Amino acid sequence: MLIATWNVNSIRTRLTQIIDWINQVNPDILCLQETKVMDDSFPVEPFEKLGYSVEVYGQKSYNGVAIISKIKAENVKKGFFGCTGSKQNIEIFLDQKRLISADFNGVKIINVYVPNGSALGSDKFEYKINWLSCLASFLDELDKKGELICLMGDFNVAPSNLDIHDPKKYEGGIMASEIERSALKNVLKGRLIDSFRIFEKTPGHWSWWDYRNNAYELNKGWRIDHIYISKELTSKLKNCVIDSSPRENLRPSDHAPVMIDLNLSEINEDFIEDEDNFFEI
DNA sequence: ATGGCAGAAGCATTCTGA
């Protein structure tokens, strides 16, 4: 099962590119960020024509997330819920549409667009750190219930210096500061694993290139789009790749899609085996 | 230190992103 994430920087501007990519890659689940559109204006039909269901959580001009899937999404939730351990009041985050979650074959897919944070010490930076703190509390609650998690999206954090083309220049700055990295670590708490780093330990793999300064042509990128999976799922993980090819399109998104191949049928087989055992008893 | 580039809103220019 192919599960992908892509910050498309406007669903309406990128629509034909996304449809082309779906036709090429045939993902089972595609999580989008920065859709930048109200829910009633989201172009649902082109996806439904290809046999996909669409779940949206958007707003005018900014942010916005969506889940496109071949399997019907179950238990769709928009925004944070159950963050009882958070110091932050969830209501603070209601106006920015940055998180949507749904269950597929017993796995909870959580699609996030983490705030950029602008600059260290700014109000937006404080918002980013508070948002990540709320996300950590959100995951703590799901962890208590023993949920299998796939947390994916645009995190706006390079987890290590391997994930920046010029660490000397950018280390300590926005998306590369110790404050952001430790806030991200507090979300993951060792229970969620970076799918990409299971397969690839070297630098030079980017998911975002600035529109400015010819960054893509010079391959000056960052790896800030991630797919984190529960430890229990790592044995089902076949692959994780960044597909930089859409970044070469005319008028591309500044982000490339990232995807994993997760063998969820094995999970169902395990489940069926357990049921058989139950009936034998 | 600043701007570069792109999208949305809306019609000139500002806000936001990363």
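What you see is a predicted model, and the numbers here were worked out from it, not measured in a lab. Order of the sequence lines fixes the chain letters, A, B, ..., with proteins taken first and strands second; residue numbering starts at 1 for each chain.
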Practice task
Pick base, sugar-phosphate or nothing for A:Phe155, based on heavy-atom distances below 4.0 Å to the nucleic acid.
Solution key: nothing

Practice task
Tell me whether the centres of the aromatic rings in A:Trp21 and A:Trp6 are closer together than 6.0 Å.
Solution key: yes

Practice task
Please determine if a side-chain N or O atom of A:Lys124 lies less than 4.0 Å away from the OP1 or OP2 oxygen of B:dG17.
Solution key: yes

Problem - Value in whole Å for how far the P atom of B:dA6 lies from OH of A:Tyr211 - result: 7 Å

Practice task
Decide if the gap between the ring center of A:Tyr228 and the ring center of A:Phe155 is smaller than 6.0 angstrom.
Solution key: yes

Practice task
Rounded off to whole Å, could you give me the CG-to-P distance for the A:Asn63 and B:dC15 pair?
Solution key: 17 Å

Fill in the blank from the handout: Winner on side-chain proximity to A:Arg212, out of B:dG7, B:dG17, B:dA9, is B:dG17

Completion exercise
note: A:Gln33, atom CD; B:dG7, atom P; distance rounded to Å ~ 17 Å

Exercise for the section: Please determine if a side-chain N or O atom of A:Asn9 lies less than 4.0 Å away from the OP1 or OP2 oxygen of B:dA6. Expected result: no

Handout entry: Electrostatic pair A:Asp261-A:Lys238, nearest N-O below 4.0 angstrom
Key = no

Problem - Value in whole Å for how far the P atom of B:dA8 lies from CZ of A:Arg14 - result: 8 Å

Exercise for the section: Would you kindly compare A:Asn214 and A:Met175 by the position of their nearest DNA chain B nucleotide and give the one closer to the 5′ end? Expected result: A:Asn214

Practice task
Figure out the CD1/P separation between A:Ile11 and B:dG7, and round it to whole Å.
Solution key: 14 Å

Handout entry: Integer-rounded Å distance: B:dA18 P and A:Lys220 NZ
Key = 20 Å

Exercise for the section: Could you tell me whether A:Asp154 contacts a base, only the sugar-phosphate backbone, or nothing, with contacts defined as non-hydrogen atoms closer than 4.0 Å? Expected result: sugar-phosphate

Problem - Rounded distance in Å between the P positions of B:dA6 and B:dT2 - result: 23 Å

Completion exercise
Of the candidates B:dG17, B:dA9, B:dG7, the side chain of A:Lys36 sits closest to B:dG7

Handout entry: Ring centers of A:Tyr127, A:Phe93 separated by less than 6.0 Å
Key = yes

Exercise for the section: For B:dA12 and B:dA1, measure between their C1' atoms and round to the nearest Å. Expected result: 28 Å

Fill in the blank from the handout: 5'-most contact on DNA chain B (nearest-nucleotide basis), A:Arg98 vs A:Asn213, goes to A:Asn213

Problem - Options B:dT16, B:dA18, B:dA9, nucleotide nearest the side-chain atoms of A:Tyr62 - result: B:dT16

Problem - A:Thr13 side chain near B:dA8 phosphate (N/O to OP1/OP2, under 4.0 Å) - result: yes

Handout entry: Nearest-angstrom distance from the residue atom CG of A:Asp254 to P of B:dG4
Key = 17 Å

Exercise for the section: Remember a base hit wins even if backbone is also touched, and classify A:Trp222 as base, sugar-phosphate or nothing at under 4.0 Å, heavy atoms. Expected result: nothing

Handout entry: A:Tyr113 side chain near B:dA18 phosphate (N/O to OP1/OP2, under 4.0 Å)
Key = yes

Practice task
Take atom C1' in B:dG10 and the same atom in B:dT14, then report the distance between them in whole Å.
Solution key: 11 Å

Handout entry: Distance in angstrom units between A:His255 NE2 and B:dC5 P, rounded
Key = 18 Å

Exercise for the section: Give a yes/no on whether any side-chain N or O of A:Arg12 is located under 4.0 angstrom from OP1 or OP2 of B:dA9. Expected result: yes

Exercise for the section: Give one of base, sugar-phosphate or nothing for A:Asn7, where a contact means two heavy atoms less than 4.0 Å apart. Expected result: sugar-phosphate

Exercise for the section: May I ask you to verify if any side-chain N or O of A:Ser10 is less than 4.0 angstrom from the OP1 or OP2 atom of B:dA8? Expected result: yes

Handout entry: SB check A:Asp140 A:Arg191 (cutoff 4.0 Å)
Key = yes

Handout entry: Distance flag, aromatic centroids of A:His226 and A:Phe196, threshold under 6.0 Å
Key = no

